[in-house]
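Working notes, beginning with the structure itself.
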Amino acid sequence: MAETIFSKIIKREIPADIVYETDTVLAFRDINPQAPVHILIIPKIEIPKVTEIDGKKHSQLLGDLFDAANKLAKEMKIEKDGFRLVLNCGDNGGQEVYHLHMHLLGGRQMKWPPG
Ligand code: DGP
């Protein structure tokens, strides 16, 4: 699998506005924000998309991603009003970057259904 732009961000080969980091997870602001708060939370290991998640093998990592989302929601003061977590998978899902990532969106009222 070809290296993505997110691997380059992990390796600090290209800049990003990094807001959170642990041994397993990195989070940075989306370059094209769709809400006042729009953060991408990614695993440091390369998992291209949701269908390549193995629930047992990646259980700790998945927990780490949700812990990061909750921590950031608190830090960004959007946890009380609410927020949205999005994982796009594949072409129909609207996925552009094939390195697993969770969008944390908040700071405005979200609509449903999504576009
Ligand atoms: P998705 O469509 O779910 O694959 O979302 C990919 C997101 O990644 C999209 O909202 C824009 C963002 N993005 C793409 N390239 C870069 C980049 O170089 N830096 C940052 N910070 N975000 C990027």
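Whatever order the structure lists ligands and atoms in, that order sets their numbers, starting from 1.
Remark: side-chain polar atoms of Glu21 are not paired, donor with acceptor, to backbone N or O of Val19 under 3.5 angstrom.
The side chain to side chain contact (heavy atoms under 4.5 Å, CB included) test with Leu72 is passed by exactly one of Asp67, Val37, Ile41, Ile78: Ile41.
Remark: Asn92 engages no residue in a side-chain contact (heavy atoms from CB on, under 4.5 Å) (not counting sequence neighbours).
Taking the six-membered ring for Trp and the full ring otherwise, the centers of Phe28 and Phe6 sit less than 6.0 Å from each other.
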Exercise for review: Would you check, one step at a time, whether the test ring-ring contact (aromatic ring centres under 6.0 Å, His included) holds for His103 with His101?
Suggested key: CA-CA 6 Å; His103 295 255; His101 52 280; 5.1 Å; yes
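Each of Ile5, Phe6, Ile9, Phe28, Arg29, Asp30, Ile31, Leu40, Asn88, Gly94, Gln95, Glu96, Val97, His101, His103 has a non-hydrogen atom positioned under 4.0 Å from some atom of ligand 1.
Asp91 and Gln95 share no donor-acceptor pair across their side chains, judged by distance under 3.5 Å alone.
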